[in-house]
2 protein chains.
Amino acid sequence: MKCISSKPSEERIKEAARKVFLKKGFDGTTSRDIAEEADMNIALTNYYFRSKEKLFLEIFKDLLNLYFQNTLDILNKDLDFKSKIYETIDHTFEMVSKEPDLCNFIVNEVHRSPERLVPDINFVRQVRHTKFGEQLEEEIKKGNIRPIGIENILPMLCGYIQFIFMGKSMHMRIFEIGEHEFDAYAKDHKERIKEMIICYLYN
Amino acid sequence: MKCISSKPSEERIKEAARKVFLKKGFDGTTSRDIAEEADMNIALTNYYFRSKEKLFLEIFKDLLNLYFQNTLDILNKDLDFKSKIYETIDHTFEMVSKEPDLCNFIVNEVHRSPERLVPDINFVRQVRHTKFGEQLEEEIKKGNIRPIGIENILPMLCGYIQFIFMGKSMHMRIFEIGEHEFDAYAKDHKERIKEMIICYLYN
DNA sequence: AGTAGTTTTAAATATTTGTTTAAATTATAC
DNA sequence: GTATAATTTAAACAAATATTTAAAACTACT
């Protein structure tokens with residue numbers, strides 16, 4: 001009974017918490033913020049999850065998964081090296097476009113208190129050993145690309161475009177542009193990143 | 001008298017506030033944190049600055065200045081285009097090395113509540129019109145480098161290396177390395193960024 | 001030494017925080 | 001339909017929050 005009837009409420013709280021945590025971060029979020037967003041009684045957040053901290057950890061786990069899993073899948077896909085580079089960059093772009101607060105949230109929460117998030121972060125260790133990593137070594141061995149480690153190429157594929165979005169607010173104000181213009185700029189910059197990485201790797 | 005005798009206390013509070021705000025952010029910092037860090041009575045933060053918010057805005061202004069001013073100076077320096085690229089990247093690296101929380105702080109605070117920081121951000125508009133910008137146009141006109149706008153090249157010079165440091169915590173855990181190894185990695189990556197940008201620009 | 005002005009202190013302010021309680025309501029099973 | 005369990009509610013909780021107060025301690029100048 002519990003599972004069936006409680007799901008709507010429990011799910012509503014999680015969705016609300018996800019939304020508020022993403023926007024305000026853990027420190028900036030109050031239990032009442034979440035309850036209000038979910039349009040529910042304050043006590044329910046502690047009824048379904050035992051504390052704000054517990055609720056946060058669940059949300060964080062989900063969001064870290066969203067942040068990494070698809071990229072991980074692409075890296076392990078059956079696809080040629082160069083296409084994989086393009087697809088990873090495109091996917092990162094799509095991801096941050098759909099969830100504009102995600103990168104800021106993950107990077108900031110991990111930076112602020114890495115210790116408590118360690119068990120979740122461990123899952124991300126998978127990026128060290130992917131099919132893409134093997135392909136990378138192969139391309140280097142063949143002399144097709146310059147020598148480079150996985151820890152150097154991954155930030156190029158994922159991090160650079162993420163930074164553009166993380167600094168969106170400031171960028172828009174510095175260059176006095178609106179949402180629409182920023183999107184065009186980001187898209188353009190993404191293509192430049194692709195070309196730049198290819199240019200660098202293939203000399 | 002006020003100026004001479006109050007400076008030590010006022011300065012001690014600012015230094016403490018700077019330290020705590022940098023580490024914990026505005027939301028994560030309490031007035032007591034600051035007072036404790038400064039080893040002073042809690043009431044003094046409100047005696048010298050009128051509120052936590054006012055104190056924060058002063059600190060933020062200083063830190064935003066630290067974040068941008070030196071880069072701005074370099075961009076306006078009397079130096080050839082290519083050297084300026086190298087120097088900007090090197091300076092950004094030095095800056096984040098010395099103040100590891102700075103980028104996370106600035107990016108996060110601006111992202112969370114850009115409105116209240118607008119007056120400060122306006123100062124950063126200067127990056128749009130620098131000597132470097134003129135040099136950039138000239139190099140493009142001469143056909144030395146490919147066409148690119150200042151809004152695209154600046155993130156390459158400043159943002160990419162910043163992202164590496166912003167994700168330091170996660171990177172260290174993913175690749176199971178310590179501080180020392182990370183520094184070596186970051187240094188290496190910085191040189192790769194230089195080469196990549198040059199390679200991209202000069203085709 | 002005494003006084004005016006500044007700085008520091010301990011204590012109290014009113015809110016807000018996360019969390020809990022115990023009663024009320026709803027749903028489920030027999 | 002009634003008993004049992006699950007859910008929701010309003011209210012209260014203690015602790016922490018930013019800020020203020022009013023008195024004490026200190027400083028500088030006559």
Colleague: Can you check the B/Glu36 CD to D/dA18 P distance for me, whole Å?
Modeller: 13 Å
Colleague: Just the rounded figure in Å: distance from P of C/dA11 to CD1 of B/Ile42.
Modeller: 11 Å
Colleague: Taking all heavy atoms of A/Lys190 and all of A/Ile89, pick out the closest pair and write down the distance.
Modeller: CG-CG2, 3.6 Å
Colleague: What's the CD1-C1' distance between A/Ile13 and D/dT7, to the nearest Å?
Modeller: 11 Å
Colleague: Nearest whole Å is fine: how far is D/dT19 P from B/Arg50 CZ?
Modeller: 11 Å
Colleague: Nearest whole Å is fine: how far is D/dA6 P from A/Leu44 CG?
Modeller: 15 Å
Colleague: What is the distance from OH of A/Tyr48 to C1' of C/dT19, rounded to the nearest Å?
Modeller: 17 Å
Colleague: For a quick check under 3.5 Å, do A/Asn152 and B/Asp188 share a side-chain donor-acceptor pair by atom type?
Modeller: yes
Colleague: For the side chain of A/Asn46, starting at C-beta, report the closest nucleotide among D/dA6, C/dT8, C/dT19.
Modeller: C/dT19
Colleague: If the cut-off is 4.0 Å, is A/Thr30 near the phosphate of C/dT16, judged by side-chain N/O to OP1 or OP2?
Modeller: no
Colleague: What I want to find out is whether A/Asp62 reaches A/Lys14 closely enough, with some N-O distance under 4.0 Å, to be called a salt bridge.
Modeller: yes
Colleague: What does A/Ser51 touch in the nucleic acid at a heavy-atom separation under 4.0 angstrom: a base, only the sugar-phosphate, or nothing?
Modeller: sugar-phosphate
Colleague: Taking the nucleotide of DNA chain D with the nearest heavy atom to each, does B/Glu53 or A/Tyr47 sit closer to the 5' end?
Modeller: A/Tyr47
Colleague: Measuring to OP1 and OP2 of C/dT8, would you say a side-chain N or O of B/Ser9 lies under 4.0 angstrom away?
Modeller: yes
Colleague: Kindly state whether the ring of A/Phe182 and the ring of A/Phe165 have centres lying under 6.0 angstrom apart.
Modeller: yes
Colleague: Quickly work out the B/Phe49 CZ to D/dA18 P distance and round it to whole Å.
Modeller: 16 Å
Colleague: Answer yes when B/Arg173 and A/Glu115 have at least one side-chain N-carboxylate O distance shorter than 4.0 Å, and no when they do not.
Modeller: no
Colleague: Roughly how many Å is it from CD in A/Glu10 to C1' in D/dA6, rounded to a whole number?
Modeller: 13 Å
Colleague: Please determine, for the side chain of B/Ala43, which listed nucleotide (D/dA18, D/dT21, C/dT7) has the closest atom?
Modeller: D/dT21
Colleague: With DNA chain C as reference, determine whether A/Asn41 or A/Asp33 sits nearer its 5' end, using the nearest nucleotide of each.
Modeller: A/Asp33
Colleague: Could you check whether the side chain of B/Arg32 and the base of D/dA18 have a donor-acceptor pair of N or O atoms closer than 3.5 Å, going by distance alone?
Modeller: yes
